[in-house]
Colleague: 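Below you will find the structure I want to go over with you.
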Amino acid sequence: MFKVFPICAFKDNYIWCIVNEHSKECVVVDPGDAAPVIKFLQEKSFKLTAILLTHHHWDHTNGVKPLYDAYDVPVYAPQDTPLEIPAIRFEKETSFTILKNLTFEVLFVPGHTLDHIAYYGDGKLFCGDTLFSAGCGRLFEGTAEMMYDSLMKLKTLPDDTEVYCAHEYTLANLKFALAVEPDNHAAKQQQQKVELLRSKQQVSLPSTIALEKQINPFLRSDCSNVIQTIQQRTHLEALTPVEVFKHTRLWKDQF
Ligand code: ZN
Ligand code: FE
């Protein structure tokens with residue numbers, strides 16, 4: 001009953017629009033730009049009923065004020081995201097219901113930023129810049145330990161969870177994933193699939209938790225192939241999974 005549409009913004013951002021197909025009411029996640037959202041709502045005749053934010057970065061929040069001014073809808077935001085408008089804040093992990101009967105769990109996933117949260121409900125995960133397909137967000141504010149714990153939290157969600165990331169980074173991430181694990185068959189297959197999709201300007205998302213467990217090096221710090229590659233690169237032995245994660249992230253930063 002709930003359908004999700006991508007609204008493209010900037011170079012590679014996705015603003016996800018979740019729609020109740022019966023009522024045509026919708027919410028948007030991380031509107032970094034208002035103009036493409038307004039255009040989309042008009043084209044589809046959807047009624048905006050709320051705005052959800054995952055973290056404070058401008059490419060996820062710059063459209064909030066103009067949309068709030070135009071539609072006067074509630075804004076759900078992390079506790080520490082600076083905003084010039086009133087918002088419903090999450091002091092702790094909790095759940096809330098929107099679009100009449102869509103209940104979202106709020107998950108705290110610090111690492112990319114300290115305020116970062118994710119929304120999980122109806123078998124769908126909106127994870128902003130924490131988890132990408134075959135990748136993860138850069139560590140701008142949090143530590144590797146924090147990000148590792150956040151990713152492990154997401155990894156425990158059901159295998160069939162649809163993963164809606166905020167950027168189209170999949171192909172570049174898969175290139176790195178295959179540098180980490182050259183023999184990862186699932187990653188190679190996914191690369192072919194996504195190359196075809198992207199050649200037709202199609203969206204590579206949503207992914208699933210099951211697929212990410214197979215192809216995402218940042219969810220695979222406990223896999224022998226990944227551990228071996230990182231040990232060889234760093235000349236360190238007996239690395240813990242979080243140390244493997246940390247060195248994988250450092251490598252990706254300059255890949
Ligand atoms: Zn960000
Ligand atoms: Fe972003």
Side-chain angles (χ1 to χ4, degrees), residues 4-18 27-37 40 51-67 75-84 87 89-90 104 106-120 124-151 153-154 162-177 194 198 203-207 212 216-219 245-246 248-250 252-255:
V4 183
F5 294 85
I7 303 170
C8 296
F10 312 118
K11 199 167 133 261
D12 49 35
N13 279 73
Y14 292 128
I15 300 164
W16 295 108
C17 178
I18 310 158
V27 304
V28 289
V29 185
D30 284 354
D33 193 3
V37 174
F40 178 85
I51 295 168
L52 274 54
L53 303 179
T54 64
H55 68 294
H56 68 80
H57 284 158
W58 69 270
D59 62 314
H60 301 248
T61 56
N62 266 13
V64 174
K65 173 87 166 61
L67 288 174
V75 177
Y76 295 82
Q79 179 73 357
D80 298 321
T81 301
L83 292 171
E84 40 187 340
R89 302 284 185 167
F90 302 112
F104 270 129
V106 177
L107 307 172
F108 284 14
V109 287
H112 175 68
T113 60
L114 292 175
D115 65 341
H116 209 304
I117 63 174
Y119 299 91
Y120 170 66
K124 299 168 176 55
L125 173 71
F126 297 88
C127 49
D129 288 354
T130 297
L131 177 63
F132 294 122
S133 184
C136 76
R138 278 177 191 265
L139 302 179
F140 284 120
E141 295 174 10
T143 63
E145 288 74 14
M146 269 181 197
M147 188 60 147
Y148 180 79
D149 289 344
S150 296
L151 291 171
K153 194 184 276 189
L154 300 182
E162 295 171 359
V163 179
Y164 294 88
C165 323
H167 289 270
E168 180 62 66
Y169 289 158
T170 314
L171 269 188
N173 287 341
L174 281 166
K175 199 175 165 198
F176 177 72
V194 176
R198 296 307 296 151
V203 180
S204 71
L205 302 167
S207 183
E212 292 311 310
N216 193 321
F218 298 103
L219 296 185
F245 169 77
K246 185 179 158 187
T248 311
R249 187 58 258 181
L250 285 169
K252 176 70 164 63
D253 287 344
Q254 29 100 15
F255 184 74

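Please read these numbers as outputs of a predicted model, since none were measured by experiment. Order of listing sets the numbers, starting from 1, for every ligand and every atom in it.
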Colleague: Between the Fe ion (ligand 2) and D59, is there an N, O or S atom separated by less than 2.8 Å?
Modeller: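 Yes, within the cut-off.
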Colleague: Do F245 and F218 have their ring centres less than 6.0 Å from each other?
Modeller: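 Centroid separation for F245 and F218: below 6.0 Å.
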Colleague: With a cut-off of 2.8 Å, how many protein N, O or S atoms neighbour the Zn ion (ligand 1)?
Modeller: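 My tally for this metal is 4.
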Colleague: Before you tell me yes or no, could you show the steps for D149 and K153 under salt bridge (charged side-chain N to carboxylate O under 4.0 Å, His left out), namely the whole-Å CA-CA distance, both residues' side-chain angles and the distance that decides it to 0.1 Å?
Modeller: CA-CA 6 Å; D149 289 344; K153 194 184 276 189; over 6 Å; no
Colleague: Hydrogens and angles aside, do H55 and E141 bring a side-chain donor and acceptor to less than 3.5 Å of each other?
Modeller: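 Distance-only check fails for H55 and E141.
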Colleague: With a cut-off of 2.8 Å, does H167 place any N/O/S atom under that distance from the Fe ion (ligand 2)?
Modeller: yes
Colleague: Near the Fe ion (ligand 2), is there an N/O/S atom from H60 that is less than 2.8 Å away?
Modeller: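 Yes.
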Colleague: Under a 4.5 Å cut-off applied to non-hydrogen side-chain atoms, are V194 and T170 in contact?
Modeller: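 Contact flag for V194/T170 side chains = yes.
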Colleague: Go through the side-chain N and O atoms of D129 and H60 and say whether any donor and acceptor fall under 3.5 Å apart.
Modeller: yes
Colleague: To make sure I understand the geometry: which N, O or S atom in D129 is closest to the Fe ion (ligand 2)?
Modeller: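 Looking at D129, the N, O or S atom with the least distance to the Fe ion (ligand 2) is OD2.
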Colleague: Can you name the side-chain hydrogen bond (donor to acceptor under 3.5 Å, both in side chains) partners of T61, sequence neighbours left out?
Modeller: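 None.
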Colleague: Do W16 and Y119 make the cut of ring centroids closer than 6.0 angstrom?
Modeller: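 Not close enough - the centres of the two rings lie 6.0 Å or further apart.
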Colleague: Is the number of heavy atoms from other residues, nucleotides or ligands under 6.0 Å of K246 NZ greater than 12?
Modeller: no
